[in-house]
Amino acid sequence: MPCSIPFKTHFQSSSLTFASFHPSLLCKMISTTTLSPPPTHLPSLPQTPPLSLIKTCKSMAQLKQIHSQTIRTGLISNPIVRAQIIAFCCKHELGDMEYARMVFDTMPEPNHFVWNNMIKGYSRVGCPNSAVSMYCEMLERGVMPDEYTYPFLLKRFTRDMAVKCGRELHDHIVKLGFSSNVFVQNALIHLYSLSGEVSVARGVFDRSSKSDVVTWNVMISGYNRSKQFDESMKLFDEMERMRVLPSSITLVSVLSACSKLKDLNVGKRVHRYVKDLKIEPVRVLENALIDMYAACGEMDTALGIFDNMKSRDVISWTAIVTGFTNLGQVDLARKYFDKMPERDFVSWTAMIDGYLQVNQFKEVLTLFREMQAANIKPDEFTMVSILTACAHLGALELGEWIKAYIDKNKIKIDSFVGNALIDMYFNCGNVEKAIRIFNAMPHRDKISWTAVIFGLAINGYGEEALDMFSQMLKASITPDEVTYIGVLCACTHCGMVDKGKKFFARMTTQHGIEPNVAHYGCMVDLLGRAGHLKEAHEVIKNMPVKPNSIVWGSLLGACRVHKDEEMAEMAAQQILELEPENGAVYVLLCNIYAACNRWEKLHEVRKLMMDRGIKKTPGCSLIEMNGSVHEFVAGDQVHPQSKESYSKLDEMSVDLKFAGYSPDTSEVFLDIGEEEKESAVYRHSEKLAIAFGLISSGPGVTIRIVKNLRMCVDCHYVAKLVSKVYNREVIVRDRTRFHHFRHGSCTCKDYW
DNA sequence: TTAGGGTTAG
């Protein structure tokens, strides 16, 4: 419902509209609520004048008694009495705004004091829309606001409201001549920093007298809000130069900025300030100090303050938990988390995020379940952590559940949540849903575009990824180095060597991005896949940065596919110089020797592995069924349904042999007979997971598996046949890419 | 008869 500000007296020609507001909220509140009238038969109160009684009043029940007495005695006709009753409802912690409105409606001509109190009351109870409605009503009835009105009105504004009507209200303030009032100025700085127009806020700040510490505080917190922590610091310095004494609130904001910037020096300076100026170490300030020291990794100092606090709240505890999680000391963090007397959604999310940071994804999900059992409502921060864990585990069902939860609970899908959803869907191999989320996002940032490009690329949709890239450029979003990884990855997946080279060059010439080691790795992958092994090697030799094991690993992978044992040896040697303990390299080299029938060489590497005590990482596959993640390790029988899975595997083996399957043991490098080799590949973890998937789900249900190592040729072959024989889509995410098996073929086009 | 500012997790 459009609501024009009826500012008739001063704005005859004004076109001001408050289209965004719903003053009906207020009307609704009043019309649908049954108001309890003041009680009529009550024991008589002591004969104290009602105004003094209201001042000492403790509850709404008491207020209603006083109200009723004033009605009986006729004192209610005094407008000051009604104003005080309203003021109590608007200001008191237990004040009731519905009651205030009821009394308000009995006043034929409420004065400024009453209007201001009503506005303040609605702001206090978190109904800024109703406060605006009240403001509109005030103007409509020809009462001009005064300098008290605006600080009350703006106090609880939301970002949206600030964006939509900040400028208009500023206009009113200027025209009414209140712009030099320091309280109004402070409210305006707050308003603009809320709407994200921090430079306009700064303009108001610069025009102010700057003699009031609150003005500085509002500006500093405004910079913090818009994450311009450097500016907060500069302002703090300027304050010192201008000899404005900081208050404890200034110090809290500055400490918050120090924490974000990890600026221990200024943080310590603030701490000295607290000590030298003998500022009372209130809890909020101590919390801010703990957070600053924790963020800078100084846990001993943080704990020193924590231990000496008179009283701690949930923020003090959470700051300690976060301090440890940031250092990766998740067990210590958990120790404090478990000791917390109370935990809120932030503390739970902090601990969950701690597990995420150290890649303990299962613990992430376990803790999330505990959080739910404790009846703590997660918010969008929690959702991001859980979705990220789902993405790593390939847990699509849980990810979908989170999506449904977000929808049901109307959790805001901001760009963080949107991007996490996109990542989750892509990492679980559900390209369609990832794109659906992307298309529905109102604000797509660089990260959203990059997530889509990269997601499409790793899922084998190279052409589509490049199409997205050109759409991104058309939308005037500047790509960064991560976007280009996605672009190059897309070229690799489609074997578009020339295009890839062109993009690689354009990255620098058009967007000024210097390629880093990851980009060179992509180029090696691109050339290697196409069989240009020498050229790939040339890229490594000429790259200006030191190649890492991933770059050499790409070349080694290409050598496996194109069976170039000589270059493979060289690449493997390079990797082992960098990472002598890298078991996967020995294994890959053995695979290559086995595939080339170079048994002597293979024995040498095997002996080297034994001598150096290097063990082959056991293959492990995760499969999610009915909301739980199941783990299968090659050859193990730990899973409760492993017996059934093995029986299914036997059955599969017969079915697949009818379809022409014979085991491919070319990559088995164990010195064993052919039969044993077959038995070894037979028990690979992804086969067990596929068998489990087949017995645990109905016909036509997609089987999604996440594997910790590269898929072997035999498993790849089996997955292709399963997709055909059982008419099932099988999606396997291995160490480096996705394999979507459909109707007997794979999107990786047999290169991985 | 009425005012303002702050801390924790992506």
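Below, chain A is the first sequence line, B the second, and so on; all start at residue 1.
The two residues A/Pro79 and A/Met107 make their nearest non-hydrogen contact at O-CE, 3.9 Å.
If you check every strand for non-hydrogen atoms under 4.0 Å, A/Asn111 touches a base. At a threshold of 4.0 angstrom between heavy atoms, the contacts of A/Gln185 with the nucleic acid are absent. Backbone-only engagement by A/Asp291 is indicated by non-hydrogen atom pairs under 4.0 Å involving sugar-phosphate atoms exclusively. At the heavy-atom level, A/Val321 lies nowhere under 4.0 Å from the strands shown. Contact annotation for A/Val314: no contact, since no heavy-atom pair falls under 4.0 Å across all strands. A/Ser385 comes within 4.0 angstrom of nothing in the nucleic acid, heavy atoms only. As judged by a 4.0 angstrom heavy-atom cut-off over every strand, A/Val346 is placed among the base-contacting residues. Nucleic acid contact for A/Glu286: none, since no nucleic acid atom lies under 4.0 Å from a heavy atom of the residue.
One can place CG of A/Leu285 at 12 Å from P of B/dT7, the figure rounded to the nearest angstrom. The interatomic distance linking A/Met118 (CE) with B/dT2 (C1') rounds to 14 Å, in whole Å. A/Met309 places its CE atom 12 Å from the C1' atom of B/dT8, with the value rounded to the nearest Å. To the nearest angstrom, P of B/dG6 lies 20 Å from OH of A/Tyr273. As a whole-Å value, the separation of A/Arg334 CZ from B/dA9 P is 19 Å. Taking atom CD1 on A/Ile411 and atom P on B/dA9, their separation rounds to 19 Å, with Å as the unit. Here B/dA3 presents its C1' atom at 7 Å from NZ of A/Lys120, a figure rounded to the nearest Å. Atom CD1 in A/Ile119 sits about 20 Å away from atom P in B/dT1, given to the nearest Å.
When each of A/Ser195, A/Ser123, A/Cys165 is tested with A/Phe157 by the rule side-chain contact (heavy atoms from CB on, under 4.5 Å), just one qualifies, namely A/Cys165.
Cation-pi contact between A/Lys408 and A/Tyr405: absent, since separation from the ring centre below 6.0 Å together with deviation from the ring axis within 45° is not met.
Of the listed nucleotides (B/dT8, B/dG10, B/dG5), B/dG5 has the atom at the smallest distance from the side chain of A/Val218. For A/Ile249, the listed nucleotide lying nearest its side chain is B/dG5; candidates were B/dG5, B/dT1, B/dT2. The side chain of A/Asp353 lies closest to B/dG10 when the candidates are B/dG5, B/dG10, B/dA3. With B/dA9, B/dT7, B/dT2 as the choices, the nucleotide that has an atom nearest any side-chain atom of A/Phe152 turns out to be B/dT2. Closest contact between the side chain of A/Lys91 and the listed nucleotides B/dA3, B/dT1, B/dG5 involves B/dA3. Here the nucleotide nearest the side chain of A/Lys155, chosen from B/dG5, B/dA3, B/dT7, is B/dG5. Out of B/dG10, B/dG5, B/dA9, the shortest distance to the side chain of A/Val384 is found at B/dG10. Minimum atom distance to the side chain of A/Phe416 is reached by B/dG10, of the listed B/dG10, B/dG5, B/dT2.
A donor N or O paired with an acceptor N or O is found under 3.5 Å between the base of B/dA3 and the side-chain atoms of A/Asn181. Under 3.5 Å, the side chain of A/Ser247 and the base of B/dG5 form at least one donor-acceptor pair of N or O atoms. Put simply, the side chain of A/Asn224 and the base of B/dG6 share no donor and acceptor less than 3.5 Å apart.
In this structure, A/Met309 CE and A/Trp317 CH2 are separated by 10.5 Å, a value rounded to the nearest 0.5 Å.
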Between A/Asp105 and A/Arg101, is the salt bridge (charged side-chain N to carboxylate O under 4.0 Å, His left out) condition met? List the steps. CA-CA 6 Å; A/Asp105 285 337; A/Arg101 180 74 207 206; 3.1 Å; yes
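Neither OP1 nor OP2 of B/dG6 sits under 4.0 Å from any side-chain N or O of A/Ser253. For the pair A/Lys260 and B/dT7, the criterion of a side-chain N or O lying under 4.0 Å from OP1 or OP2 is not met. Applying the 4.0 Å criterion to OP1 and OP2 of B/dG10, one finds that A/Gln357 has a side-chain N or O inside that range.
Taking the six-membered ring wherever Trp is involved, the centroid distance between the rings of A/Trp115 and A/Phe104 falls below 6.0 Å.
Relative ring orientation between A/Phe337 and A/Trp348 is described as perpendicular, the plane-to-plane angle rising above 60° on a 0-90° scale split at 30° and 60°.
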